[in-house]
Engineer: 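Here it is, the structure, as structure tokens.
These values consider heavy atoms only, across backbone and side chains, with no hydrogens, waters or symmetry-generated copies. By convention in this document, chain letters (A, B, ...) are assigned in the order of the sequence lines, proteins followed by strands, and residues within each chain are numbered from 1.
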2 protein chains.
Amino acid sequence: MARVTLQTIADEVGVSRMTVSNAFSRPNQLSAALRSQIMDAAARLGYSGPDPSGRALARGRTGAIGVVLTNSPRDAFTDETAVGFLRAVAGTLADAGYSLVLLHSSERSDVDPVRDIAMDGAIVYSCAPRAREVTALHERRLPLVTVESAPLGDEPQILLDDAAGSRQAAAHLLELGHRDVALIVTSVDVADEPLTAEHRASASDTIGRRLDGWTSELATAGVAPRIVGTTGFDVDDVLRDRIGAMLETPPTAVLAFSDLAALEVIEQARARGIRVPEDLSVVGFDDSPLAARLSPPLTTVHQDVDAKGTAAATTLLALLKEEKPTTLTLPTSLVVRGSTAAAPRR
Amino acid sequence: MARVTLQTIADEVGVSRMTVSNAFSRPNQLSAALRSQIMDAAARLGYSGPDPSGRALARGRTGAIGVVLTNSPRDAFTDETAVGFLRAVAGTLADAGYSLVLLHSSERSDVDPVRDIAMDGAIVYSCAPRAREVTALHERRLPLVTVESAPLGDEPQILLDDAAGSRQAAAHLLELGHRDVALIVTSVDVADEPLTAEHRASASDTIGRRLDGWTSELATAGVAPRIVGTTGFDVDDVLRDRIGAMLETPPTAVLAFSDLAALEVIEQARARGIRVPEDLSVVGFDDSPLAARLSPPLTTVHQDVDAKGTAAATTLLALLKEEKPTTLTLPTSLVVRGSTAAAPRR
DNA sequence: CTGAAAGCGCTTACAG
DNA sequence: CTGAAAGCGCTTACAG
């Protein structure tokens, strides 16, 4: 049996193909009687409506919005901050009638979602500066919003006021008397050294802004921090090893680029008998749900992931309506909990 | 400037359109020299590859797989069990080169993802028996896998051995001496009554199997449970109210259909000064990450959400390869933690 | 290794 | 209120 299409229904009812199309897509363009006659025929023949692929090609829109995550879907769904972001994006898009497609980075040459999936626009979330997926997406000239990523062109961005929260975190440590401080970052390939301008230069946009916040504040007290990093974009094995090495000669305080990184520091410290916060103060970043659950509860820089996701989706939707949305920077602020305390006397 | 298509490149290079198509989609069908000439022209003209919509129509496949969640994307991303499932599905699909599209239920008449999004197949996750989204999807005759949902036809299903875990949970309570037991369910509209056959008849497939497990075990000790439910498919306001009402004359133990429902019981009990587990034993279902974090840690029925997601994706992928996968039932088992204790003496 | 033919299923103006 | 024309951008056999 051949496939049932608009034409099948048209032949059955004895009208033209576009009248059937109108019956489904523009109901008020034809009489109610004819429409119900067409709908009856469709039901009888098992036709459930215009094929989305044909429709997408003819209309030039698909109803789908991509979200690019540099890391694998498995990693993204493990990170509560990413899940919170996706939640707000998916919710906001759904309210506007759009569906979310997860665009993973592909190691295969035959398929590449970023190149092959039909969509009306995309959101780039927390991606490395020149990630292949991101440039590939940019080449498609789709409406794009970047979130905490390096800008690709003049697309609107959603940013975090990383420097403000970082400064508060550093100021908090200074007040507690800390002078030996280590920074844990990504996008910088460094084992455990005094921070230099070269380190700063190699950092991603986001990490760069946090480094600026931390160091500018620490500098007011003449404190020159140590830095531990990885080329990756997440807590990876390299970073874990380097955190371990750093703890051989522990600082009195650590400023981490994420709550998960802070957790890694706390767990490794504990394994070595270093007490948090008595021997070592640890500050995270994100204020993910995890932060409040840890023991001790994590002092961290709060960001509103729900607002971030909503803003990203809203901005992309505005772009699709040919509006000219602009870059938005969301606030951050320190939340003091139990993982920080006065610097130990040496 | 007109849009750049295959034809633009073909004209520029002086070959036919399908040669350009081959350059992109079947590189070994033409000489390396011609191919690189074509790729150069494409780069020069800003052509980033065949348009996915055109390609989808011509090829009859899109590379996208839908996942239908009856509840809103916001609710789904709030539920750790659903997130764990999505994680495994997205990961497994990504490994196979497919992208995941989130198909929300739409209240709008103009857009409906389940009808309008182009995709190669779909996974129906934990949906109500005759949910409109699900029947709409079925009408499209797409390859389908249902997960913990009522079957639509003869599609392969992924099920949980609900009865086994439920029986273990009930047996555990009997051993502890409980005789006044309340069941908390969805899909049954009941405030707080002795369980009857009518209640059982109105339950969804999943809840029905759990009711069977609970009651068959309780029956061995002559215990007739009370039942509290809602027509909804989640912990909703109706269920919250009814749980509150039930706690006016509390049973000694509660068997809940999910960890979130168990949490609701525990919180409301605590608010009334009813101690868990001293006054009231509570058993959940799912063993979500939340369960172990609660205080007291929740006694609950464990299921492997990762295995469930992987199985769902693998089964759908098999369907796409024209294989004939069959229904799979995953095991469940009771995990005893701190929320259950010996029945209080009255 | 390259291309002419036929077609994938639909919609957008526009004319009547 | 209805339909003939033109087109959306691409690919699949197939012939040379």
Side-chain angles (χ1 to χ4, degrees), chain A residues 2-39 41-42 45-63 110-111 115-120 140-142, chain B residues 2-39 41-42 45-63 110-111 115-120 140-142:
Chain A
R3 185 156 171 204
V4 179
T5 69
L6 276 189
Q7 191 65 63
T8 321
I9 313 300
D11 294 346
E12 171 83 6
V13 180
V15 294
S16 81
R17 194 171 6 133
M18 44 274 5
T19 297
V20 181
S21 172
N22 282 336
F24 279 97
S25 302
R26 305 164 141 192
N28 55 336
Q29 293 293 302
L30 71 179
S31 68
L34 180 55
R35 181 170 133 86
S36 75
Q37 197 187 141
I38 289 172
M39 293 315 230
L45 296 171
Y47 182 73
S48 64
D51 176 82
S53 286
R55 187 178 235 189
L57 181 57
R59 293 223 268 217
R61 58 177 299 272
T62 65
D110 57 333
V111 280
R115 188 193 55 198
D116 300 335
I117 293 289
M119 54 190 150
D120 300 331
R140 274 178 68 180
R141 295 162 206 283
L142 286 170
Chain B
R3 185 157 170 201
V4 179
T5 69
L6 276 189
Q7 192 65 61
T8 320
I9 314 298
D11 294 345
E12 170 84 6
V13 179
V15 295
S16 82
R17 198 177 357 141
M18 43 271 9
T19 298
V20 181
S21 173
N22 282 336
F24 280 96
S25 303
R26 305 164 141 193
N28 54 338
Q29 293 293 302
L30 70 178
S31 68
L34 180 57
R35 182 170 133 84
S36 75
Q37 197 187 142
I38 289 172
M39 293 316 229
L45 295 171
Y47 181 73
S48 64
D51 177 82
S53 286
R55 188 178 234 188
L57 181 57
R59 295 223 266 218
R61 59 176 298 271
T62 65
D110 57 333
V111 280
R115 188 193 56 197
D116 300 335
I117 293 289
M119 55 191 151
D120 301 330
R140 274 178 68 180
R141 294 163 208 284
L142 286 171

Engineer: Can you name the residues that form a side chain to side chain contact (heavy atoms under 4.5 Å, CB included) with B/Met18, not counting sequence neighbours?
Structural biologist: B/Ser16
Engineer: Under the side chain to side chain donor-acceptor pair (under 3.5 Å) test, which residues partner B/Ser53, sequence neighbours left out?
Structural biologist: none
Engineer: Can you tell me which residue pairs pass the salt bridge (Lys or Arg N to Asp or Glu O under 4.0 Å) test with a partner in residues 51-60 of chain B, sequence neighbours excluded?
Structural biologist: A/Asp116-B/Arg55, B/Arg3-B/Asp51
Engineer: Check each residue of residues 48-63 of chain A for a non-hydrogen atom within less than 4.0 Å of any atom in DNA chain D, then write out the ones that pass by number, or none.
Structural biologist: A/Leu57, A/Ala58
Engineer: Test of understanding: with side chain to side chain contact (heavy atoms under 4.5 Å, CB included), list the residues that count as partners of A/Arg17, not counting sequence neighbours.
Structural biologist: A/Leu6, A/Gln7
Engineer: Dot-bracket for DNA chain D, please, read 5' to 3', with Watson-Crick or G-U wobble pairs under 3.5 Å on both distances, ( ) within the strand, [ ] crossing, | other strand, . unpaired.
Structural biologist: |||.||||||||.|||
Engineer: Heavy atoms, side chains only, cut-off 4.5 Å: are A/Ser48 and B/Arg141 in contact?
Structural biologist: no
Engineer: Residues from residues 5-12 of chain B sitting under 4.0 Å of DNA chain D, heavy atoms only?
Structural biologist: B/Thr5, B/Leu6
Engineer: Kindly write out the residues that satisfy side chain to side chain contact (heavy atoms under 4.5 Å, CB included) with B/Gln29, not counting sequence neighbours, or none if the list is empty.
Structural biologist: B/Asn22, B/Arg26
Engineer: Walk along DNA chain D from 5' to 3' and tell me the first and last nucleotide with an atom closer than 4.0 Å to a non-hydrogen atom of chain A.
Structural biologist: D/dC1 to D/dG9
Engineer: Under a 4.0 Å heavy-atom cut-off, which of residues 21-39 of chain B touch DNA chain D?
Structural biologist: B/Ser21, B/Ser25, B/Arg26
Engineer: List for me each residue that meets side chain to side chain contact (heavy atoms under 4.5 Å, CB included) alongside A/Ala41, sequence neighbours excluded, and say none if there are none.
Structural biologist: A/Ile9, A/Glu12, A/Val13, A/Arg44
